[in-house]
Number of protein chains: 2
Amino acid sequence: MSKERKNTLRDSVFESLKALIITGQIPPGARVTENDMAARLNVSRTPVREAFNRLERDGLVVGRPRQGYVVTEFNLTMFREAFDIREMLDGRATELAAANATAADKARLRDMLAECERLAAIPDRSTREQFEELQVGIDLHRVIAEIGGNEMLHGMLCGILDKCQQYVWTELLWLDEWQLTREEHTGIVDAICAGDVALAGERARAHVRGSRENILRLLQAKSDYQGFFAKAS
Amino acid sequence: MSKERKNTLRDSVFESLKALIITGQIPPGARVTENDMAARLNVSRTPVREAFNRLERDGLVVGRPRQGYVVTEFNLTMFREAFDIREMLDGRATELAAANATAADKARLRDMLAECERLAAIPDRSTREQFEELQVGIDLHRVIAEIGGNEMLHGMLCGILDKCQQYVWTELLWLDEWQLTREEHTGIVDAICAGDVALAGERARAHVRGSRENILRLLQAKSDYQGFFAKAS
DNA sequence: ACACTCAAAATTGTATACAAATTCGCATAC
DNA sequence: GTATGCGAATTTGTATACAATTTTGAGTGT
């Protein structure tokens, strides 16, 4: 049991599995069985099974009756769907954040930006440090949604961001574009701090659109992306 | 086992419980235990337990460790949150439907409108028939999202609509306003059939906004709504 | 060499047994 | 009469046993 963040085994198994999937350590298309995971995490099948249920509900795995579970494979269509939704949710959440952010909230966002800059300034950084910057950058959006105050919206956006994180990290994408991402994040936080609701929302939406187009362009530039993306079923 | 729509007990238990909750037969705030439900549905605790997990993930029940589950209580804040999100999702889904609907899709929507009209024309209709009209009216939105083609958006909207259906039906609301609802639904379907993306989206958003304001007004007119709505925690 | 059959293995679906934690009530002390 | 403490009952958390179904592969017949 490498991670035990929650009280119940079910929750810790869920978090462990989600992390393994989102970070690509268990790649899309990989078959995962209850027994394997139970043995790997030193627990019985029961909590593993319940974790699988939640993962399936979150769209991270798909399971067919009596045939086992497979980490969700994604194709360009699903990618576009996710980013289309994320544009709406992220835009709205950012508007709410601009309307509601307290001084403490603003400081928290600035701290996260500073952490990104710090990680970016490390020369010849490792994959681990690159992943951390990606993580903080995505967490920024989660925190913005939290600040916005709509709990339901926050929860939905977190689910979408999990998928986006998996997409991006599994493909190890756009390492040269992170500078642009940091600038856009700064612009969003600036607008939130200024309390400019419309500007913050539009910058967030533009940021998501830009990320989507950027990633799509890079994916199509990769001649072998067919190997990563599942064939459309 | 009154309903067995799926292959697995877990799914049928989930559907049964969801129906009981959405229709208010198990009201918000009611305590539900695994043993009770297992006995009531003549199954063991295991499938009941897994159904509870999914219900909790969908926000229909809340469970605290070793304390049991309670049907989610809702307050005005959560109501506003849900309708705020629904306005976005429903609007976008309707735009997509207007862009993608085939002739068969359009016929299907028209059929659903006709069914609403038929149910509305019944004189002195029973609660059962009123519920059916509500059901078809909400299913109309589900079908529109399905036609839109964004699977992820469809799934998210269905979850929100479950909550909205519970809100509305539990409160037995706005029986006199159904005529207006039918007219708005007709306007939405008309725009979809005409392929007018912008108009369809705007009509859908206006419809959701109108429903929200309408329900809020009626709720606040009820002097005793405090008895139905939980105190803000 | 290929196809077909059947049995065994793998895997999930369900039930049940037990453990741990919380809640509730009753008895007792003051 | 009230408060406190302890134990029984309730309820979920976890593990394990068994059932049902699908897949796989070996073996045989042509």
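The sequence lines fix the lettering, A, B, ..., with proteins before strands; numbering per chain opens at 1.
Classification of A:Glu133 and A:Arg125 as a salt-bridged pair holds, one side-chain N sitting under 4.0 Å from a carboxylate O. Looking at B:Asp105 and B:Arg108, no side-chain N of the basic residue comes within less than 4.0 Å of a carboxylate O on the acidic one, giving no salt bridge. Ion pair B:Asp36/B:Arg31 not flagged as a salt bridge, since none of the NZ, NE, NH1 or NH2 atoms sits closer than 4.0 Å to an Asp/Glu carboxylate oxygen.
Side-chain rings of A:Phe74 and A:Phe79 stay apart, their centers remaining 6.0 Å or farther from each other.
Checking A:Asn150 against A:Arg92 by side-chain atom types alone, no donor-acceptor pair falls below 3.5 Å. No hydrogens or angles considered: nothing links the side chains of B:Asn214 and B:Ser211 as a donor-acceptor pair under 3.5 Å.
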A correct 5'-to-3' footprint of nucleotides 8-13 of chain D, with B, S and - meaning base, sugar-phosphate only and no protein heavy atom under 4.0 Å, is ---SBB
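If you walk DNA chain C from 5' to 3' and mark each nucleotide with an atom closer than 4.0 Å to a heavy atom of chain B, the marks span C:dG13 to C:dT23.
Taking the centre and axis of the six-membered ring of A:Phe83, the NZ or CZ atom of A:Arg212 falls outside the cone set by 45° and 6.0 Å.
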